[in-house]
Amino acid sequence: MTLGLRSHHCGDLRTTHVGQTVLAMGWVDRRRDHGGVIFVDLRDHTGVLQVVFKPEVNAEAHGLGDSLRHEFVIAVQGRLAPREEGNVNPKLATGEVELLAERLEVLNTARPLPFAGEEEGVDERLRMKYRYLDLRRGPMQRNLRLRAHAARIVRSHLDAAGFCEIETPVLTRSTPEGARDYLVPSRVNPGQFYALPQSPQLFKQILMIGGFDRYYQIVRCFRDEDLRGNRQPEFTQVDLELTFVEPEEIFALIDGLFARLFRETIGVEVPLPIPRMTYQEAMDRFGSDAPDMRFGLELVQLTDLVARSGFKVFAQAAAAGGQVRAIRVPGGAQFSRKELDELTEFVAIYGAKGMAWVKRLDSGWQSPIAKFFSAAEQNAIEQRLELREGDLAVFCADAEKVVLDALGNLRKEIARRSGLIDERAFKFVWVTDFPLLEYDEQEQRLAAKHHPFTAPVVEDLERHGASDPLKIRARAYDIALNGVELGGGSIRMHKPELQQRVFRLLGMSEQEAERRFGFLLEALGYGAPPHGGIALGFDRIIMFLVGTASIRDVIAFPKTQKAADLMVQAPADVDDRQLRELGIRLRRP
RNA sequence: GGGGUCGUAGUUAAGCUGGUUAUAACGCCGGCCUGUCACGCCGGAGGCCGCGGGUUCGAGUCCCGUCGACCCCGCCA
């Protein structure tokens, strides 16, 4: 570097620097060559500075300036000058000054780029293959810098609350429960495998037993499941755990954290405390355990009213132990037949076999199913739904799970279509009292809804443990924002007897529990304090803060939907020699 | 595993019910230009229409398969 050290960042220069000799470095953002005078917009991470090459200032620099191209990396030395009136650019922070180039050094050239600067709508294949070019763009710079800022706030908030940041292993043990594990073969122990953590759950509990009182970590987690717009195979959690804690204390801590995150990064005030709702209420009213509270369109229970009606679809669903629920759409009578057909197709995605509808006109019901209901029945349904003239009601009849899923998603779809969603609103909600267990259809057995270390509500365990274990509530909670789960946690079991009892409920034999979680059961027996915690999806939080629908926009090096890294081309084949060392032979499909 | 959208110069897109030489903008290359800032003007190059097969006198366009990116269902304790 012959010109020496950079004296200023491009975006920092102001009229106060006029007259100084400046050595600036960065990329050629744009070149405007007027023959006699050449303008170059010099860009670094702080902003853009206009550099002027004039033959009368320095002929050699001006001559070299002719060869500059987009994204060349250059060093320019010169005197910072004020711009004449009329030449000021109010769009630039540095628009009142310009650098008169006396010396120019080309630090690196650049070939024409596969895609250009700030443009939106570039094919994601290209963005990911040339991620370094994508990262130069303003939006990605802002997203990742905001992410770093958010991480600082998390650390500051938790440090102030007495938390200790501790790292946990990445090479750990497979726990077949939950998501599919990423496995790593052990060379030293041929035929055996580590697993990458789905979360540091057990380690953080062990840290509590280890006397650390309060732990946190901003930690990478791995789950080998199919990807979505907000799901990557490796993602980041804000993971924390506290001793001698009750849920209230965790709610208050996390309320405060979200308030700071939203205030200090994007200037949004989150009203505290964040409201709470039981799981039961969330499912009943919104058909989801992560309800979107930005709009109404709540679900209404109608099973009791229509169970004995002449409409077989409803009556049979009720008779089979299913449900009939409906949503009232104010003003929805204007929906066209085509739109209603589209909504019917929409609920089919979630397994609903159909969607009935009623338009309430001044003349009464306009509906394919009107003829199945007596005037009294129609009246009762209208009363329950508070259906008014000009409204639409949509009905779903099926097993409870299907009805809730279909209508829960349908209310969001209708809200989207009708423009009922305030895109600037941030509606947080805590969802509490989750069930401890759920029935796993595939495995034909009970499984932990949260994870198998979540403490049950003990009265529920005593009352329903033998008869109806699905009724047992857990001391577990989630936090959701605008219908998206941002995190979840629970109070854990700190007594080995209780933990064993829950393992038994899950159909795990004593031997199996011992084999898989023996170290935890043993640790609980040596004076484990009561403890609990929560894990927050850090990537998803950043998505809300920067306002993107794609998790790939908040991760520097994301993977495609097929879990590939298009830049380094991972995953990839490995040498036979590597496999032999690991004692692995491939079975080709 | 399943449903859907998309794939055309370097990039973003247009290309109709199949028809002669596949368009445009930006970018790139060359020339001109001393106050531009999305500089301007003149000229030019640039295409296995993702890949393979089929239908047809003829396919960017229709059909089948395949690969890839994205959205969704299943899955994600």
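Below, read A as the first sequence line, B as the second, and so on, with proteins coming before strands; counting in each chain starts at 1. Excluded from the calculations below are hydrogen atoms, water molecules and symmetry mates; all remaining heavy atoms, backbone and side chain alike, are included.
- Using a 4.0 Å heavy-atom distance criterion, A:Pro114 is classed as a sugar-phosphate-only contact.
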Report, as a single string ordered 5' to 3', how protein heavy atoms within less than 4.0 Å touch nucleotides 27-36 of chain B: B base, S sugar-phosphate only, - not at all. --SS--BBBB
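- For A:Met128, counting side-chain heavy atoms from C-beta on, the closest listed nucleotide (B:C76, B:A69, B:G1) is B:A69.
- Using a 4.0 Å heavy-atom distance criterion, A:Ala448 is classed as a sugar-phosphate-only contact.
- Using a 4.0 Å cut-off, some side-chain N or O of A:Arg552 falls inside it from OP1 or OP2 of B:C71.
- By the side chain to side chain donor-acceptor pair (under 3.5 Å) test, A:Gln50 pairs with A:Arg32, A:Glu98, sequence neighbours left out.
- Contact annotation for A:Leu126: backbone-only contact, meaning every heavy-atom pair under 4.0 Å involves sugar-phosphate atoms and none involves a base.
- Under the rule for a side chain to side chain donor-acceptor pair (under 3.5 Å), A:Lys412 has no partner lying at least two apart in sequence or in another chain.
- Of the C1' atoms belonging to B:A13 and B:C49, the separation is 13 Å, rounded to the nearest Å.
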Would A:Glu60 and A:Arg103 satisfy salt bridge (charged side-chain N to carboxylate O under 4.0 Å, His left out), going step by step from the backbone distance to the final call? CA-CA 8 Å; A:Glu60 193 186 343; A:Arg103 298 185 67 188; over 6 Å; no
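- One finds a side-chain N or O of A:Gln561 lying less than 4.0 angstrom from the OP1 or OP2 phosphate oxygen of B:C71.
- Sequence order on RNA chain B of the closest nucleotides to A:Arg180 and A:Ala549 puts A:Ala549 first from the 5' end.
- Atom name C1', nucleotides B:A45 and B:G60: the rounded distance is 23 Å, in whole Å.
- When both distances must be under 3.5 Å, the Watson-Crick or G-U wobble mate of B:U66 is B:G50.
- B:U11 and B:A38 are spaced 16 Å apart, taking the C1' atom of each and rounding to whole Å.
- Regarding contacts with the backbone of B:C73, a side-chain N or O of A:Arg228 is found under 4.0 angstrom from either OP1 or OP2.
- Note: A:His17 and A:His8 meet the aromatic proximity criterion, with ring centroids under 6.0 Å apart.
- Looking at the side chain of A:Tyr350, the nearest of the listed nucleotides B:C71, B:C76, B:C72 is B:C72.
- Heavy atoms of A:Phe453 sit nowhere under 4.0 angstrom from any nucleic acid atom.
- When the C1' atom is compared between B:U56 and B:G19, the two are found 12 Å apart, to the nearest whole Å.
- Using cut-offs of 30° and 60° on the angle between ring planes, the pair A:Phe434 and A:Tyr279 is tilted.
- Remark: the A:Asp123 side chain and the B:G7 base include no donor-acceptor N/O pair separated by less than 3.5 Å.
- Among the protein residues, A:Ser199 comes within range of the nucleic acid bases, having at least one heavy atom under 4.0 Å from a base atom.
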